[in-house]
Participant: 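Pasting a structure below so you can have a look.
Within every chain, numbering begins at 1; the chains are lettered A, B, ... in the order of the sequence lines, protein sequences first and strands thereafter.
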Number of protein chains: 2
Amino acid sequence: MARPASALRGLILESAAQLFAAHGYEGTSLHDIASAVGCSKASLLYHFASKETILTELLTPAGAELAELDAALAGLDGDEAAEAAVPGYVDLALRFRRETKILLADIPGMTCHPALGSIPDIVDRLLDALAGRSADTADVVAAHMVLGAVFVTCASDLELPDQDLRPELIRSALRTLGREPG
Amino acid sequence: MARPASALRGLILESAAQLFAAHGYEGTSLHDIASAVGCSKASLLYHFASKETILTELLTPAGAELAELDAALAGLDGDEAAEAAVPGYVDLALRFRRETKILLADIPGMTCHPALGSIPDIVDRLLDALAGRSADTADVVAAHMVLGAVFVTCASDLELPDQDLRPELIRSALRTLGREPG
DNA sequence: ACCATAACTGTCCGATCGGTCAGTAATGGG
DNA sequence: CCCATTACTGACCGATCGGACAGTTATGGT
């Protein structure tokens, strides 16, 4: 036994990140992480004060950069703000794709729920329709964006009534897809 | 005691829907639901075979309509498909806003995580920047859409490398916001 | 060679979870 | 009035969770 002096800590972080992204934070137990790493559950709690400490250490870099973006946008106004926010946010989400996935990772357990039909299959076909049956990168990405855009917006706490929200969603979604409303 | 013959079943469904939307399915225990309803935990399991049965009954109508949309889109191709998919999907998400929220409800517990700074505040300011400091409905909705679009797309299983994904995300996001790339 | 310290583990613990079950209280048709 | 059926409950159960802790093994400076 006896690893070469705590490479274990890094292994724990890496395995935890993979498991959190795949099954969500709540959906991953300390036992799961220990099994993946190949050590005891007690070892995890020797290197980290708690399960939440592992999550915090994983998400802290992303949080710090988000705060940086926030600070950089603070001084800008109007068009400047919007045109800086877009690449800033995109780069952030791309650089921390796995962390983004961790935040969303508790969902798949639900979307695969039986009696809702095979949601993944239906969603695949919906994406294909949104992309206009096209396999071009631009169309496929735009279709994914519309899927997420409508989903998140409808789930948000926007207090807008449906009849006001609907036309804006449709207009902006069509614009995202490169289809000006006609 | 003795309620007027099982209005309880409806109360359970309503309370469960609220709690699932607020704290997620995993984040809501049978005890939580029983407390909200004002009955015993055993009563829940008298009216419903299991916790999952409650969730299934809540999500089934949405699942059925999603399947209908899927069927309606099956015959269409190209532009027809895209232009029918957008209002169809939007209407579905709007009609089942609470159900949509349930699917996303496991996230808030993470985004409020300490040591990531106050994510909700930062996100509010990011939305303001994306909207170009505008309070117009169109701009606010589009900002929410971009937030969700980039988030979900980056968390998706698209196997596109970052350097291909980035320009598409930025271009489509700007288009969503009504800002043609110049 | 020695030993203080760091690394690691097996075992136990209390809490909480979803779920079972025997038993009680109310209801409504005969 | 009676009683089968429905509605409901308290108590209990096994599993699993995150975590505590005493004890064991390896390491590296002296």
Side-chain angles (χ1 to χ4, degrees), chain A residues 1-60 102 105-106 108-110 112-115, chain B residues 1-60 102 105-106 108-110 112-115:
Chain A
M1 223 142 291
R3 278 170 217 287
S6 214
L8 192 55
R9 202 191 142 88
L11 288 179
I12 293 172
L13 280 174
E14 177 59 27
S15 290
Q18 286 178 11
L19 289 169
F20 288 167
H23 311 115
Y25 173 71
E26 303 284 351
T28 304
S29 70
L30 291 179
H31 176 265
D32 294 334
I33 302 172
S35 295
V37 173
C39 69
S40 74
K41 193 179 60 165
S43 275
L44 306 183
L45 296 164
Y46 170 78
H47 288 287
F48 299 91
S50 69
K51 186 189 178 187
E52 196 185 10
T53 303
I54 301 177
L55 178 67
T56 298
E57 190 151 327
L58 283 174
L59 296 186
T60 292
I102 290 178
D106 287 324
M110 315 241 29
C112 294
H113 193 273
Chain B
M1 225 140 291
R3 280 171 216 286
S6 215
L8 192 58
R9 202 192 141 89
L11 288 180
I12 293 172
L13 279 174
E14 178 59 27
S15 291
Q18 287 178 10
L19 289 169
F20 288 167
H23 312 114
Y25 173 71
E26 302 284 351
T28 303
S29 69
L30 291 178
H31 176 265
D32 294 334
I33 303 173
S35 295
V37 173
C39 70
S40 74
K41 194 178 60 167
S43 276
L44 306 183
L45 296 162
Y46 171 77
H47 288 286
F48 300 91
S50 68
K51 185 189 178 188
E52 195 184 11
T53 303
I54 301 177
L55 179 67
T56 299
E57 191 152 325
L58 283 175
L59 296 185
T60 293
I102 291 178
D106 288 324
M110 315 239 33
C112 294
H113 194 272

Participant: Name all residues meeting the side chain to side chain contact (heavy atoms under 4.5 Å, CB included) criterion together with A/Ala42; count only those two or more places apart in sequence or in a different chain, and write none if there are none.
Facilitator: A/Ser40

Participant: What is the distance from CZ of A/Phe48 to C1' of C/dA7, rounded to the nearest Å?
Facilitator: 14 Å

Participant: Return the minimal non-hydrogen interatomic distance between B/Cys39 and B/Leu44, and the atom names on each side.
Facilitator: SG-CD2, 4.0 Å

Participant: Does A/Tyr46 place a side-chain N or O at less than 4.0 Å from the phosphate oxygens OP1/OP2 of C/dC8?
Facilitator: no

Participant: Nearest whole angstrom, please: distance from the P of D/dT6 to the CZ of B/Arg9.
Facilitator: 15 Å

Participant: Think B/Ser40 has a side-chain N or O under 4.0 angstrom from the OP1 or OP2 of D/dC8?
Facilitator: no

Participant: Is the NZ or CZ atom of B/Lys51 both under 6.0 Å from the centre of the six-membered ring of B/Tyr25 and within 45° of that ring's axis?
Facilitator: yes

Participant: Round to a whole Å and report the spacing from NE2 of A/His23 to C1' of D/dC17.
Facilitator: 17 Å

Participant: Could you tell me if the side chain of A/Phe48 sits less than 4.5 Å from the side chain of A/Leu13, heavy atoms only?
Facilitator: yes

Participant: Heavy atoms, side chains only, cut-off 4.5 Å: are A/His23 and A/Gln18 in contact?
Facilitator: no

Participant: Which is it for B/Ser50 and B/Thr53 under the side chain to side chain donor-acceptor pair (under 3.5 Å) test, yes or no, and what are the steps along the way?
Facilitator: CA-CA 5 Å; B/Ser50 68; B/Thr53 303; 3.0 Å; yes

Participant: Kindly give the atom pairs (protein nitrogen or oxygen, nucleotide nitrogen or oxygen) under 3.5 Å for nucleotides 15-19 of chain C.
Facilitator:
| residue | atom | partner | partner atom | Å |
| --- | --- | --- | --- | --- |
| C/dG18 | OP1 | B/Lys51 | NZ | 2.7 |
| C/dG18 | OP2 | B/Leu30 | N | 2.9 |
| C/dG18 | N7 | B/Lys41 | NZ | 3.3 |
| C/dG19 | OP2 | B/Lys51 | N | 2.8 |
| C/dG19 | O6 | B/Lys41 | NZ | 2.8 |

Participant: Please round to 10 degrees the angle between the axis of the first five pairs and the axis of the last five pairs in the helix from C/dA1-D/dT30 to C/dG30-D/dC1.
Facilitator: 0°

Participant: Check the pair A/Asp32, A/Ser29 against side chain to side chain donor-acceptor pair (under 3.5 Å), reporting the backbone distance first and the verdict last.
Facilitator: CA-CA 5 Å; A/Asp32 294 334; A/Ser29 70; 3.2 Å; yes

Participant: Starting at CG of B/Leu11 and ending at P of D/dA7, how long is that distance when rounded to a whole Å?
Facilitator: 14 Å

Participant: Check step by step if side-chain contact (heavy atoms from CB on, under 4.5 Å) holds for A/Arg9 and A/Glu57.
Facilitator: CA-CA 11 Å; A/Arg9 202 191 142 88; A/Glu57 190 151 327; 2.4 Å; yes

Participant: Is any side-chain nitrogen or oxygen of B/His47 closer than 4.0 Å to OP1 or OP2 of D/dC8?
Facilitator: yes

